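Take a look at the structure set out below.
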There are 2 protein chains.
Amino acid sequence: MGNESLNILKKFDLRHTDTRENILRGFLSKSAAMSHGDIETILMEGFDRVTIYRTLKTFVDKGIIHKILDDQGGVKYALCNTNCKSGDHHHDHVHFKCSCCGDTTCLDHVQIPSIDLPIGFKRKEINMLVQGICPNCN
Amino acid sequence: MGNESLNILKKFDLRHTDTRENILRGFLSKSAAMSHGDIETILMEGFDRVTIYRTLKTFVDKGIIHKILDDQGGVKYALCNTNCKSGDHHHDHVHFKCSCCGDTTCLDHVQIPSIDLPIGFKRKEINMLVQGICPNCN
DNA sequence: GTAACTGCAAAATATTTGCATCCTT
DNA sequence: AAGGATGCAAATATTTTGCAGTTAC
């Protein structure tokens, strides 16, 4: 068994520090995506804003977490489920934001449907954000 | 014929001012979405940053333009093509961002495909952002 | 020991608010 | 004339950068 967050840090060749371990623990224990503010909250006092920014950046770069944007430009982060590698994210799943509780989640098993683009357009990556009501609020 | 931007202002019950007319002219003459910075550029000097913010907000509220976010959270605006009313936008089309030239456009004729959500989720609104290469850069 | 990581200060950016003045209707 | 719109200053919010000190390996 061992400590899941430690394993992740080791797997991605990152040093083990308190901030990193706690942030990872937060992600592992919560299914919804977290904003910078959410993370500040779970860390309580004693952690530096800047360190959080840098930690999140590091995690995104390594492919441990990915950025999620809502319709208003709000930034959140969530664990990468599949095999994302450094600088190479694969997220062809849908993001869902509940307009009631505000939680944003990755619908890992919902594939983004294919789409017919007009002539001349070449698709590379698709992001899809669905807004509505989640099961908890329904 | 007359002045298109004047007509729009009249239609939406807004006063005719230089800033508004010029910003609208900008939108009408450009097919790609514009960021706050883009607008500052086309207006050249003599216009206040704050006024632009307020003008854009007014236009969004009235349903003249809509906000578009790219994958990095960049904010752009584009004219509403269809019949959007005050506080009630209808944008079931796809947004396309060219990773080459950076232009973001509304693919008005591409409908967002329907999607099967897991049980318990209720869809309200869907946003779709496709990234790739546009015809101009292809 | 050394490179990586943190924490603090400060800079750079982005957006909002208050208020006096000016302009459209 | 009157309310709406603007411009300036300043407040907020968000993210980045520099650097010295600390820590994991």
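The figures that follow rest on heavy atoms only: side chains count, while hydrogens, waters and symmetry mates do not. The sequence lines fix the lettering, A, B, ..., with proteins before strands; numbering per chain opens at 1. The model shown is predicted, which means the values in this text are computed figures rather than measured ones.
The separation between A:L9 atom CG and D:dT23 atom P is 18 Å, rounded to whole Å. The interatomic distance linking B:L43 (CG) with D:dT6 (C1') rounds to 13 Å, in whole Å. Rounded to an integer number of Å, the gap from B:Q72 CD to D:dT14 P is 18 Å. Rounded to an integer number of Å, the gap from A:E40 CD to D:dT14 C1' is 11 Å. In this structure, A:L56 atom CG and D:dT14 atom C1' are separated by 13 Å, rounded to whole Å. In this structure, B:R49 atom CZ and D:dA9 atom P are separated by 14 Å, rounded to whole Å. Distance A:D13 CG to C:dA3 C1': 13 Å, rounded to the nearest Å. When the C1' atom of D:dT6 is taken as reference, atom CD1 of B:I23 falls 12 Å away, rounded to whole Å.
One finds a side-chain N or O of B:R20 lying less than 4.0 angstrom from the OP1 or OP2 phosphate oxygen of D:dA5. OP1 or OP2 of D:dT15 sits under 4.0 Å from a side-chain N or O of A:Y53.
Taking only distance into account, the side chain of B:R54 never meets the base of D:dG4 through a donor-acceptor pair shorter than 3.5 Å.
In this structure, B:F121 has its ring center under 6.0 Å from that of A:F96.
Between B:H66 and B:H93, the ring planes are perpendicular. Angles over 60° get that label, and only those under 30° would be called parallel.
When side chains are defined from C-beta on, B:K97 counts as touching B:L129, because their heavy atoms get closer than 4.5 Å. When side chains are defined from C-beta on, B:C134 counts as touching B:C101, because their heavy atoms get closer than 4.5 Å. For the pair A:M34 and A:I42, the minimum side-chain heavy-atom distance is below 4.5 Å.
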Quiz item: How would nucleotides 20-25 of chain C be written as a contact map, 5' to 3', with B for base contact, S for sugar-phosphate-only contact and - for no contact, using protein heavy atoms under 4.0 Å?
Solution: ----BS

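With C:dT15, C:dG7, D:dC8 as the candidates, the nucleotide lying closest to the side chain of B:D48 is D:dC8.
Using a 4.0 Å heavy-atom distance criterion, A:T19 is classed as a sugar-phosphate-only contact.
A:F27 pairs in a side chain to side chain contact (heavy atoms under 4.5 Å, CB included) with only one of the listed residues (A:I39, A:I8, A:I64), which is A:I39.
In this model, a donor atom of one side chain and an acceptor atom of the other lie less than 3.5 Å apart for B:D38 and B:S35.
Positionally, the nearest nucleotide of DNA chain C for A:F47 lies more toward the 5' end than for the other of A:F47 and B:V75.
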